[in-house]
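Right, one structure below, let's go through it.
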Amino acid sequence: MTALEVRDLNKSFGGLRVTRTVNLSVAPGERRLIIGPNGAGKTTLFNLITGELRADSGSMMLFGQDLTREPARRRAHLGLARTYQIITLFPGETLLRNVTLSLLGLSRLRWNPIVRIDRQSELLTKAHAALARVGLGHLAERPVGQTSYGERRRVEIAMALAQSPRVLLLDEPFAGLSIDERRDVLTVINDIPRDVTIVMIEHDMDVALEFAERITVLHFGEVIVEGTRAEVVEHPRTKEIYLGE
Amino acid sequence: MNLWLILSINSVTLGGLLFLLSAGFSLIFGLMRIPNLTHGSMFMLGAYFGVTLIGWGFGFWLAALMAGLGVALFGGIVERFVLRRLVGNELAQVLVTLGLSFMVADVCLMQWGGDPISVDTPAGLVGSSKVFGMAFPTYRLAIIFIAVAIAAALWGMLDRTRLGAMIRAAVDDPAMARVVGIRVSHLFTFVFCLGAGLAGFAGVIGGPILSVYPGLDQDMLPLALVVVILGGSGSLLGSLVGSFVVGLLYNFGQAMFPELAYVVLFLPMLIVLVLRPRGLFGRAAP
Amino acid sequence: MNVRLDRRAFLASSAAAATLPMPAIAQNKPIRIGLLTVKTGPLAQGGIQMEQGVTLFLKDRNNKIAGRPVELLIGDTGGNPAGTKTKAQELIERDQVDMIFGPLAAFELLAITDYVAAHKTPILSLAAAEDMSQRKPNPYFVRASGTSAQNMQPLADYAAKELKYKSVITISEDFAYGYEQMGGFQRVFEGAGGHVVKKLWPPLVTPDYTPYLAQLSGVDAVVQGFAGSNPLKFMKQYADAGVKLPVLGGGTAGDDALLKSFGDEAIGMISASAYTSDLDSPMNQHFVEGMVRDYGSTPGLYAAGLYINGLVAEAALEKLGGNTDDKDAVIKALRAVSLTDSPRGPFHFDHFGNVVGTVYIRRLERKTGKLVQTTIKSYPNTSQFWTFEEKWFLEQPVYSRDYPPLKS
Amino acid sequence: MNRAALAIALLLLATLPFWIGNSFYVNVATQMLIYAIFALGLNVLVGYAGLVTLGHAALFGVAAYAGATLINSGHGHIIVAIGACLATLAVAAIFAVLALRGTGLGFVMITVALGQIAWGIAYRWISLTNGDNGVSINARPAPFGLSLESAPALYWATLVVFLVAVVAMAIFVASPFGASLRGARDQPRRMTALGYNVWLIRFLAFLFSGFWSGVAGLLYLYYNQFVSPQTVALSASAEALLMVIAGGTGTLLGPIAGAILVIVMKDIASAYIERWNFVLGAIFVLIVVFMPEGLVPGVVRLCRRVIAARRPRAPMPVLGEESGE
């Protein structure tokens with residue numbers, strides 16, 4: 001059984017086809033990298049998988065379960081989590097509250113209008129743990145507005161991990177980071193256990209190639225090449241459209 | 001006498017007046033994304049200015065132009081000194097325009113008193129003319145011509161001039177317009193003045209039909225709102241179509257369903273909004 | 001500057017009293033009259049005239065009624081019922097006024113009538129709601145202006161008997177005042193053999209009357225009952241639309257205060273009103289002169305109504321020797337007032353506190369360049385029940401949108 | 001410190017009819033409480049959900065009309081209260097389903113249209129609403145045998161409801177659902193990806209907001225013994241919105257302060273300032289321009305600045321209540 005299976009996915013905006021009959025098959029526990037030049041449709045593919053965009057045609061399966069008709073919020077409950085290329089946090093809240101919201105999303109407690117959120121010790125313990133996991137335990141009470149860019153990237157990942165996903169989609173987790181910050185984030189990602197399948201979009205080849213087991217190359221919404229690290233790097237089409245530049 | 005034909009032509013007349021009122025409202029809405037709740041006040045203010053100017057001996061048309069300019073100036077002051085500070089904060093803009101409309105209404109009451117003031121139909125347009133063998137108030141026919149002329153002038157400005165191109169670009173995509181170096185803030189001021197001026201001008205033009213009285217602002221604002229919702233914001237053609245649609249709805253609705261007069265006006269607005277929730281404001285959505 | 005004793009002036013004077021010893025004030029407690037009027041919003045036109053009327057009256061009396069100084073306390077209702085309630089509470093509970101003049105609109109009065117009755121405060125209102133002096137009377141209510149239909153019933157009589165009209169279309173705002181006016185007209189007109197073909201009800205806020213104007217044809221005349229600024233708009237659009245039918249109007253439709261705003265389009269309109277500025281009596285001439293002198297305008301119903309309220313209060317209080325302590329005595333005295341000379345001519349009150357007086361049928365004309373009303377017939381001693389028997393009248397439902405129904 | 005202030009405030013509120021003197025001022029205080037409840041309810045949508053509505057007076061009015069109709073057909077106070085609340089919730093549900101089709105300005109405009117339609121019905125559906133003249137009730141109901149006829153009695157009853165509303169708001173804001181609602185306001189997309197049903201969250205918030213508007217509407221009916229189309233008008237919605245925004249959206253005290261400000265202007269200042277409408281308008285404009293976050297947060301900010309200026313080296317006082325232990 002595959003962890004994530006995408007079949008014949010198509011999407012157009014107006015007349016522009018941004019996703020052309022994309023097929024993707026990710027094995028459980030795999031580390032998959034998706035690369036491609038700007039405008040290749042990588043983030044669109046993520047948005048289609050998470051349901052933030054509706055596909056025109058095609059289907060998606062998560063561990064054998066059909067996702068195609070599930071609304072975006074249900075997909076989260078089925079074990080799909082993601083981070084955003086453009087950091088999407090709750091700016092007025094503390095890091096702890098950000099992660100708490102992430103935890104709450106999958107808990108029935110989210111509908112509770114009566115209890116105090118800051119008295120839910122189990123929830124808070126989990127949230128602290130999720131922050132500690134990305135090395136931000138000491139900043140739990142700090143508002144997002146007073147943190148660095150690198151720290152915010154890690155909060156993004158902490159929020160996704162807090163959801164205990166089966167499949168995790170990372171959208172350019174290294175974008176805009178300094179060398180030190182990259183190392184921190186890479187450590188976090190490398191520490192994610194194997195029961196979480198990871199699909200990552202990344203531009204930074206040095207870090208990405210080190211991480212990836214299989215690579216998919218997208219170009220103009222189409223899968224051009226797919227294979228192991230070595231296969232993809234050696235492929236002439238890859239060199240032509242991507243590495244050659 | 002053919003009631004339906006009369007109603008149709010009256011719809012067109014009211015549509016013409018509404019177009020003068022709402023073209024500016026629509027541009028402001030489209031460009032600045034603010035529901036300018038002072039727009040009815042601009043209409044009323046223009047009408048009162050017109051009354052005073054006519055009282056000083058100016059001719060009707062000159063008074064209408066001057067009143068339009070006066071209101072445009074007022075609009076410019078409001079934009080520069082108040083709205084300018086609140087760009088992007090819709091809530092604040094709603095509040096501030098509402099507050100200003102309170103103030104304008106009260107100042108008008110103070111200055112011009114509570115009595116309704118009638119505006120004489122300009123000489124030469126008094127009485128009625130025969131169209132298709134039926135008598136129509138000449139002045140109303142004139143309003144149709146004025147509306148069409150102003151629509152054409154606005155269209156020429158938007159479509160044929162550099163300024164117009166910039167406005168269109170900024171309506172379509174404000175962020176991109178900024179990137180390509182358009183001074184969006186100057187456009188805001190210009191469009192706000194233009195919208196206010198048109199509303200003020202419309203106030204004088206509407207004077208001979210509606211007369212001027214406290215509360216005129218609140219009578220006109222919802223109509224402008226309906227026009228813009230039906231026609232879509234930021235589009236001249238939209239306001240033109242919207243104005244005539246509202247003119248028709250209003251006239252036929254009143255004649256056919258008098259009990260539901262308000263529902264007939266606002267239900268179409270609701271339906272459009274509900275069925276095309278992003279269609280009309282979609283460009284603003286991220 | 002005219003004498004205006006509103007609250008600010010009063011505060012100023014009492015502040016002065018705090019520093020300078022003024023024993024006279026303590027000895028002669030002022031009579032407190034509360035005025036509920038509208039000074040902001042769309043109804044302000046009538047409200048401001050009300051204030052002018054009562055201010056002129058107090059000026060004429062040097063702020064003294066029955067030997068006591070008068071303190072006028074003004075509450076701006078903002079033209080809405082909740083505001084009226086609050087201002088009524090302010091006047092009654094905080095300021096403890098002896099009586100209230102106003103309010104203007106029926107919906108304002110209806111919002112406070114129970115409250116005012118519970119506090120036994122006499123209220124002299126202009127609001128014309130029929131049932132206030134008919135099916136739901138308030139024992140503390142006095143109305144010197146009349147019910148909605150009180151002018152229309154004689155107008156219908158005149159239309160049918162003198163003008164010999166056989167069929168009319170009525171048009172009036174879509175609210176109780178409109179229904180009651182046209183109901184009264186219809187009952188009397190049809191009783192005299194006339195026929196009301198159609199009743200049109202434009203909403204109170206109607207920027208454009210043309211959809212209705214297009215339906216006016218095939219009858220002898222049009223009866224309109226508009227109020228506020230609507231008569232202006234209506235007459236203008238009526239003329240513009242080229243409708244040639246004669247126009248009959250009610251009290252507010254042809255109100256004399258509108259004379260300065262009307263144009264030639266209104267010439268020839270025949271209206272019925274409890275007040276006419278051309279009434280040739282010493283009191284009215286004095287009143288009109290005062291209004292022209294102080295405010296530069298011919299007075300209409302609102303100013304006259306409040307001036308007359310002043311006269312009523314004065315007559316009653318003089319009978320009581322200026323004593324306002326017993327409110328039941330005050331209301332009794334108010335309702336017993338019978339004046340032979342007033343701006344509206346002679347009048348007295350029926351047992352509901354509603355006026356019985358003259359209704360004037362006037363034609364709007366241009367004389368020496370000015371628009372004026374010329375009285376063409378008077379109906380003296382007109383009661384709210386017209387010539388109907390009171391008991392029968394009160395058994396009928398109140399005039400409404402569909403009552404009396406149209407006869408096909 | 002805070003507890004002491006709270007206790008003193010409660011004591012002052014509870015004893016107000018004894019020291020305020022005239023019953024007129026007791027009535028004004030009652031009005032403030034009623035409008036504060038209304039504004040608190042509105043604030044759920046405007047402040048915490050980020051949905052600006054200009055149609056909420058319709059919900060306020062529905063409760064008042066429903067209550068008046070039930071009272072006049074002879075029903076007891078329990079049925080009146082339940083009926084009015086149910087009617088409000090039903091209408092709120094319809095409003096929410098329609099309005100939530102849009103976002104931002106679209107949402108505002110739909111609420112305007114809905115409010116205007118409600119007003120048109122109140123004004124025109126004469127057999128039900130008595131049109132322009134409105135509906136009166138002869139006497140205030142006496143819940144559980146307690147007469148509300150006197151000004152202090154109604155004040156105390158309103159105060160109890162008001163305190164319940166404030167506590168309910170405070171609990172709501174600090175709850176997981178409150179956090180979800182604010183999350184849906186700030187990052188709706190993210191919330192969906194986190195597994196939240198943003199639409200349902202907003203829908204429920206709309207109902208909660210509508211419920212308190214209805215409660216305020218019913219109290220308004222008890223207070224005025226009267227309801228008319230002007231209660232439902234656009235200007236009434238706008239006024240309530242002004243209270244919330246002027247006081248400070250998304251705060252507990254803001255809407256209360258806004259309600260007090262507006263009522264003081266309308267009921268008290270109007271007696272001394274003839275042009276009170278102008279002054280009210282000017283106050284709103286000034287608040288927006290100089291204290292864009294609202295009166296309460298603005299004053300807090302100013303106080304902080306003053307404190308900071310006096311004690312330059314003192315650490316920034318932490319005024320956020322959210323992160324209490």
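Only a predicted model underlies this, so the values are computations on that prediction, with no experimental measurement involved. Throughout, protein chains are lettered first and strands after them, A, B, ... in sequence-line order, and every chain is numbered starting at 1.
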I need the minimum non-hydrogen distance between [X] and [Y], along with the two atoms involved.
| X | Y | result |
| --- | --- | --- |
| Y84(A) | A193(D) | OH-CB, 3.4 Å |
| R82(A) | R190(D) | O-NH2, 3.6 Å |
| I114(A) | I171(D) | O-CG2, 3.0 Å |
| M159(A) | L194(D) | CE-CD1, 3.9 Å |

**Asked** Is chain D contacted by the side chain of T50(A), its backbone, both, or neither, given a heavy-atom distance below 4.5 Å?
**Response**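 The answer is neither part of T50(A).
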
Would you mind reporting whether [Y] and [X] have side-chain heavy atoms less than 4.5 Å apart?
| X | Y | answer |
| --- | --- | --- |
| Q187(D) | L89(A) | no |
| P176(D) | I117(A) | yes |
| R110(A) | M191(D) | no |

**Prompt:** For chain D, which residues of residues 70-77 of chain A have at least one non-hydrogen atom nearer than 4.5 Å to it?
**Reply:**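 Within residues 70-77 of chain A, near chain D: A72(A), R73(A), A76(A), H77(A).
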
**Message:** Quick check on the structure: residues of residues 100-107 of chain A within a heavy-atom distance below 4.5 Å of chain D, by number.
**Reply:**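 So far as heavy atoms go, L101(A), S102(A), L104(A), G105(A), L106(A) are the residues that approach chain D to under 4.5 Å.
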
**Prompt:** By side chain to side chain donor-acceptor pair (under 3.5 Å), which residues pair with T44(A), not counting sequence neighbours?
**Reply:**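 Testing T44(A) for side chain to side chain donor-acceptor pair (under 3.5 Å), a comparison that skips the adjacent residues, returns none.
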
**Request:** Kindly compute the distance separating CD (Q120(A)) from OG (S175(D)), expressed to the nearest 0.5 Å.
**Result:**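 Output value for this atom pair is 10.0 Å.
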
**R194(A) CZ: over 12 foreign heavy atoms closer than 6.0 Å** =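 Enclosed.
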
**Request:** Start with the C-alpha gap between T192(D) and E52(A), add the side-chain angles, then the distance that decides, and say whether side chain to side chain contact (heavy atoms under 4.5 Å, CB included) holds.
**Result:** CA-CA 8 Å; T192(D) 306; E52(A) 282 166 61; 5.7 Å; no

**Asked** Is any residue of residues 195-210 of chain D within less than 4.5 Å of chain A by heavy atoms, and which ones?
**Response**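 The residues closer than 4.5 Å to chain A, in numerical order, are G195(D), Y196(D), N197(D), L200(D), I201(D), L204(D).
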
**Item:** Option in L109(A), L78(A), N112(A), L123(A) with maximal non-hydrogen atom pairs under 4.5 Å from chain D
**Value:**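 Highest number of pairs under 4.5 Å: N112(A).
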
